[in-house]
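Have a look at the structure below, then the notes.
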Amino acid sequence: MSRKIIAVVPLWDDKKQSIWMLPGYMDGIEAAGAIPVILPLSDSAESALEAFELCDGLLMTGGHDVSPALYGETPKKTCGAQCEKRDSMESALYKRALECGKPVLGICRGIQLINVLQGGTLYQDLPTERESCVEHQMKPPYSSVAHYVNIVKPSPLYELLQTERLGVNSYHHQAVKRLGSGLEVMAVSEDGLVEAVRCTESSFVWAVQWHPEFNFRTDPAAGKIFEAFVKACR
Ligand code: MN
């Protein structure tokens with residue numbers, strides 16, 4: 001049986017004016033039994049959408065902050081750099097994935113963009129907008145536990161991991177503020193932030209705020225998330 005193909009939009013390096021990718025995203029998909037393929041990052045989503053026809057699922061990775069314009073706000077001084085191309089490319093691909101019923105896994109920026117595309121809003125900068133003693137922007141090594149999340153029971157994430165408490169890594173300064181419509185929360189941090197969601201209108205659209213791509217080799221829970229995603233791609 002041939003392996004499933006997972007579409008990945010490349011990361012963008014402003015300084016080098018270059019596309020790039022963190023190996024963990026690619027390796028995590030491959031370890032789960034599928035083949036990751038990087039799509040073009042162009043001005044129009046046409047090429048990416050056409051190439052996506054050959055793919056079975058979509059991985060939405062971390063990276064730039066989502067443009068606040070997408071949720072009707074102007075960027076605050078504390079908002080990080082944005083990437084217009086990724087915003088438009090991934091928005092188009094996400095919509096197409098929903099239309100075709102292709103599974104989607106969102107990671108970090110991925111959960112934020114999915115929330116926005118479902119009509120939700122984001123904290124533009126957690127440290128200045130929301131007081132907390134939980135460390136969401138950890139220092140390396142990123143494979144270690146930064147904080148714990150409570151997994152909603154019942155939820156498909158609970159079904160997969162069979163635990164109500166999970167130690168996760170964490171590297172984000174933005175987060176889900178108002179939850180988008182059609183989304184169901186699957187995990188919440190100890191300071192009350194949404195850390196995992198799924199789209200109830202789709203067979204498999206999951207997103208996590210933490211980074212399974214950094215610890216799928218050492219943490220079975222991280223590996224299982226990639227595996228569940230790949231398994232859903234049929
Ligand atoms: Mn976190």
Side-chain angles (χ1 to χ4, degrees), residues 11 22 24-25 28 59-68 70-71 73 76 78-82 86 90 104-118 120-153 155-158 160-161 163-180 183-199 205-226 228-229:
L11 307 179
L22 281 162
Y25 293 114
L59 175 69
M60 292 168 71
T61 66
H64 285 77
D65 284 359
V66 173
S67 172
L70 293 183
Y71 47 96
E73 292 183 14
K76 297 176 183 170
T78 50
C79 186
Q82 300 127 55
R86 279 198 66 189
E90 288 180 319
V104 179
L105 177 62
I107 294 177
C108 195
R109 164 191 159 88
I111 190 176
Q112 296 164 8
L113 183 54
I114 287 170
N115 184 58
V116 167
L117 293 174
Q118 294 290 140
T121 63
L122 303 177
Y123 290 104
Q124 288 192 29
D125 181 54
L126 286 174
T128 50
E129 291 173 39
R130 192 176 185 280
E131 213 173 299
S132 170
C133 50
V134 172
E135 178 63 278
H136 288 284
Q137 199 142 24
M138 72 190 295
K139 296 190 173 57
Y142 298 120
S143 55
S144 59
V145 170
H147 65 70
Y148 286 83
V149 296
N150 296 312
I151 296 178
V152 175
K153 184 185 176 183
S155 70
L157 187 61
Y158 175 81
L160 179 73
L161 303 179
T163 180
E164 287 180 75
R165 188 174 146 85
L166 179 70
V168 296
N169 53 11
S170 188
Y171 193 76
H172 58 110
H173 84 112
Q174 298 200 321
V176 170
K177 191 175 184 182
R178 189 186 72 223
L179 190 68
L183 296 181
E184 187 180 275
V185 176
M186 296 203 291
V188 181
S189 61
E190 285 174 315
D191 58 343
L193 278 181
V194 172
E195 290 261 350
V197 298
R198 73 178 185 111
C199 183
V205 173
W206 285 22
V208 296
Q209 183 57 74
W210 62 90
H211 286 274
E213 81 278 12
F214 280 123
N215 61 353
F216 66 90
R217 286 189 185 89
T218 50
D219 181 356
K224 277 182 187 172
I225 290 171
F226 280 115
F229 169 48

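Ligands are counted one by one from 1 in listed order, and the atoms in each one are counted from 1 as well. By convention here, the first residue in the shown sequence is residue 1.
Classified by interplanar angle (parallel below 30°, tilted 30° to 60°, perpendicular above 60°), the ring pair H147/H172 is perpendicular.
In this structure, Q209 and L193 have side chains that are not in contact, with every pair of non-hydrogen atoms separated by 4.5 Å or more. Within the 4.5 Å cutoff, the side chain of Q174 has no heavy atoms near those of the Y123 side chain. Residues M186 and V208 are not in side-chain contact: their nearest non-hydrogen atoms beyond the backbone lie 4.5 Å or more apart.
The Mn ion (ligand 1) lies closest to atom OE2 when only the N/O/S atoms of E195 are considered. Of all N, O or S atoms in H136, the one lying closest to the Mn ion (ligand 1) is ND1.
S170 lies close to the Mn ion (ligand 1), since one of its N, O or S atoms is found at a distance under 2.8 Å.
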